[in-house]
Amino acid sequence: MSVLELSVVRSTQPGLYDVEIVHSPVGEASATVAIDCERLMRGRDHWQDALLASAVSTRRLIAGPESTVREVGQDLFDVLLGHPAIGARYRSSVDVAAERGEPLRLVLRLAAPELTPLPWEAMYDAQAGTYVARIEPLVRHVPVAAAPPPLRVQQPVRILGITASPRGLAALDVEAEERYLAQALGEPVERGQVELEWVRDATWDGVHDMLLGHEWHVVHFIGHGDFDAELDEGVLALVGNDGRAHHVEASRFADLLHEATPMPRLVVLNSCQSAVSGSVDLFSGTASALVRGGVSAVVAMQFEITDPAAAAFARGFYSAVAAGRSVDQAVRSGRVSILGMNGHTLEWITPVLYLRGRETRLFNIRRRREPKQNARQAPERRHGSPTAPGATAGAVPVGTAEEPGPPPPEAGPASQAVEPAADPAKSAVEPPGPEVGRPDPAVQPPVPVAEPPHPVAEQSTPAARPAAPRRPAAPRRRRRVRARWLAPLVLLLAGALVWAVSARIGTVEVEPAAYLDRPVDEVVQELGDLGLGVRVLGEPHGTAEGTVLSLDPAGRVERDSVITVVHSTGPRGLAEGLQVPEDEAQTGSAPGDPASGAPGSDSDPEVVNLPRNMVGLPAQPVIDRIRASGVQVTVVPVTGTDRPPGEVIRTDPVEGTPVQQNSTVTLWVAQ
């Protein structure tokens with residue numbers, strides 16, 4: 001998935017913030033913007049009312065609640081993505097992601113605590129005429145140690161539901177909440193994708209016991225949440241021994257979750273104020289504190305949410321998680337599910353996703369194996385039974401061997417009469433009765449008149465009597481033929497199975513998505529633990545130093561394979577040997593260029609488009625063309641390539657990308 005990652009930190013001057021694109025498909029950019037957090041926060045109560053009011057259907061094209069939310073959403077978009085340098089990279093990233101046929105993940109690193117209560121999920125792009133979070137997955141990144149790799153889970157995904165409505169706080173209709181969630185998960189539960197269990201009237205000890213006794217992948221909390229201004233930390237309300245509220249700080253709740261093995265990777269907080277952070281500590285909010293405490297991802301509610309919207313979000317969200325989607329895509333699926341309630345609801349803004357590290361795929365889910373159906377075999381067995389319903393009386397099923405009946409008992413002269421000779425033509429058409437030698441009681445032929453026995457008949461032996469038909473011999477021969485080719489087939493299949501198992505044991509799956517954009521030291525350690533050799537190569541790149549860029553080979557590889565891990569070494573200086581004046585090597589701009597900052601140059605740099613068709617050309621003319629547009633150039637030498645010396649191998653940003661004058665373009669040039 002394409003990623004656009006922005007960092008927002010306080011600038012040296014009050015009210016100003018430095019916005020930097022630290023990663024995107026089209027390169028980096030930075031700008032300083034003004035954000036009036038106090039003015040924006042004064043409208044928070046109006047946003048809350050507007051979101052709840054939007055749940056009521058209306059025929060107006062743009063209802064009053066949406067006008068309120070759209071106004072603040074457009075303000076937030078303008079201050080973050082409206083700057084020319086940032087906006088150009090954002091729109092180019094959207095185009096690149098569209099060309100790749102994938103969404104663009106928007107990651108926010110909000111390093112200033114006063115920025116976290118703002119509803120960035122409501123950003124409205126007036127030029128595109130849409131809300132950003134309805135199109136692109138939006139993630140709030142918590143800058144802590146990277147998350148562990150995706151957890152391998154055999155369906156079902158196990159969810160521990162926790163409900164707490166202690167005395168002394170506003171009463172919650174817990175039963176209705178449970179019912180809504182159970183209905184929302186009805187189909188995934190019925191399909192065996194999800195399993196849900198509850199801890200009702202949850203006490204600390206009750207939750208502790210459930211975490212110790214079973215494996216849980218997700219924790220879903222329904223109850224009261226708040227922010228303690230004195231502690232400057234988010235809290236959740238469990239039930240105490242006296243039935244009253246037992247306030248648990250988010251950091252303590254994270255310690256409790258560590259009792260589970262493995263620790264649940266995902267926590268969903270359906271509680272009021274669970275996404276709000278304090279004014280001092282960036283991690284003081286309940287959600288961000290849980291992420292800092294070790295939870296890979298937390299979905300929290302930044303506003304109050306109605307029960308139908310909460311149920312709709314749960315339905316879309318958990319169905320996507322059970323299907324193996326990444327958590328950011330699952331949150332977007334939950335938003336889309338809320339949108340299905342009515343055409344004007346805005347409650348899809350309420351959920352917020354906090355993520356630990358960059359890994360959004362929390363689970364590698366293995367599907368349940370459906371039992372094989374024997375429906376086709378069962379009718380055949382019934383068809384092959386002599387007592388099959390609907391079978392014609394006296395008929396012997398095809399393929400069933402006939403067994404001669406017991407010899408007739410000794411009888412008087414009348415019973416020893418010679419039976420009439422069987423008609424060969426008739427016996428060839430009509431099948432014999434159910435048991436040879438015994439007449440069918442349902443169809444009794446007329447008894448022939450006894451005649452004096454012929455002397456020859458009296459002396460005849462049983463061998464002289466007419467023999468039963470030999471039709472069953474053919475099925476026996478077929479069974480012998482089947483046995484002859486069935487045994488080699490079984491041996492062949494067994495050998496193939498043994499080969500597949502041995503090959504599987506001797507290989508390991510290397511999924512690039514689990515390792516890209518992570519610190520190289522962690523990736524090397526994890527690959528080594530899998531029994532793989534690792535070869536580390538550094539490559540100049542615009543991303544942070546030590547960030548993994550690629551792995552080769554990938555997919556299913558043998559355990560003794562050597563994986564080449566390419567990581568970023570950060571931008572480097574100009575390549576030696578290129579004809580760039582030494583006094584311009586640091587800036588890459590010529591005297592008199594707009595980028596040189598000479599007197600009379602425009603103080604507000606313009607946005608220009610990079611030249612196209614730069615890759616494959618000699619480096620020097622490309623450098624001259626870029627510098628002529630007022631953009632700086634950094635050249636990175638690349639050795640060990642089969643390209644002709646001096647040829648441009650690739651560029652960052654890519655060709656034709658809009659960039660700001662005075663920004664820097666990196667060229668990789670063969671040496």
Side-chain angles (χ1 to χ4, degrees), residues 4-5 7 18-31 84-86 88-89 92-93 96 517 537-550 566-598 601 605-641 643-671:
L4 177 67
E5 189 169 346
S7 171
D18 294 329
V19 180
E20 180 182 4
I21 297 180
V22 297
H23 180 78
S24 81
V26 295
E28 293 73 41
S30 61
I86 304 297
R89 295 294 173 92
S92 297
S93 298
V96 169
D517 296 331
L537 294 179
E539 176 181 307
H541 194 266
T543 56
E545 184 175 355
T547 303
V548 174
L549 303 176
S550 64
V566 180
H567 68 91
S568 171
T569 59
R572 297 292 180 93
L574 292 172
E576 297 180 1
L578 293 175
Q579 300 175 7
V580 180
E582 295 182 359
D583 58 347
E584 302 172 19
Q586 299 298 324
T587 62
S589 57
D593 283 350
S596 64
S601 62
E606 297 180 357
V607 175
V608 298
N609 291 327
L610 289 178
R612 296 185 178 273
N613 302 322
M614 295 187 290
V615 175
L617 296 179
Q620 191 60 50
V622 172
I623 294 174
D624 295 337
R625 290 172 62 189
I626 296 175
R627 289 174 49 229
S629 62
V631 179
Q632 302 178 16
V633 180
T634 297
V635 179
V636 178
V638 179
T639 58
T641 178
R643 298 290 187 87
E647 180 178 303
V648 177
I649 298 176
R650 66 187 181 95
T651 69
D652 186 14
V654 297
E655 303 166 322
T657 300
V659 297
Q660 185 181 12
Q661 288 183 340
N662 298 333
S663 62
T664 301
V665 174
T666 303
L667 303 182
W668 280 262
V669 180
Q671 296 299 296

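Numbers here simply count residues along the sequence, with the first being 1. Below, all heavy atoms of this structure are taken into account, side chains as well, without hydrogens, waters or symmetry copies. Worth saying up front: this structure is predicted, and the values here are computed from it rather than measured.
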(message) Run the side chain to side chain donor-acceptor pair (under 3.5 Å) test against Glu20 and tell me which residues pass, sequence neighbours left out.
(response) none

(message) For Val669 versus Ile649, what's the shortest heavy-atom pair and its separation?
(response) C-CD1, 4.4 Å

(request) Please name the pair of heavy atoms, one in Val631 and one in Ser663, separated by the smallest distance, quoted to 0.1 Å. (result) CG1-O, 3.3 Å

(message) Quick check: closest heavy atoms across Ile21 and Gly27, and the distance to 0.1 Å?
(response) CG2-O, 3.8 Å

(request) Could you tell me which non-hydrogen atom of Ser7 sits nearest to which non-hydrogen atom of Val22, and how far apart they are? (result) CB-CG1, 4.1 Å

(request) Using the test side-chain contact (heavy atoms from CB on, under 4.5 Å), find all partners of Val96 that sit at least two apart in sequence or belong to another chain. (result) Pro25, Val26, Arg100

(message) To the nearest 0.5 Å, what is the distance between NE2 on His23 and CZ on Arg89?
(response) 12.5 Å

(message) Give me the atom names and distance for the closest heavy-atom approach of Pro611 to Ile626.
(response) CD-CG1, 4.2 Å

(request) Considering non-hydrogen atoms only, spot the tightest contact between Leu4 and Ser93 and give its length. (result) CD1-OG, 4.0 Å

(message) Go through it in stages, so that I can follow the logic: the residues are Leu610 and Thr651, the test is side chain to side chain contact (heavy atoms under 4.5 Å, CB included), and I'd like the CA-CA distance, side-chain angles, deciding distance and then a yes or no.
(response) CA-CA 10 Å; Leu610 289 178; Thr651 69; 5.7 Å; no

(message) Within this structure, what is the OG1-CD distance for the pair Thr666 and Gln632, rounded to the nearest 0.5 Å?
(response) 10.5 Å

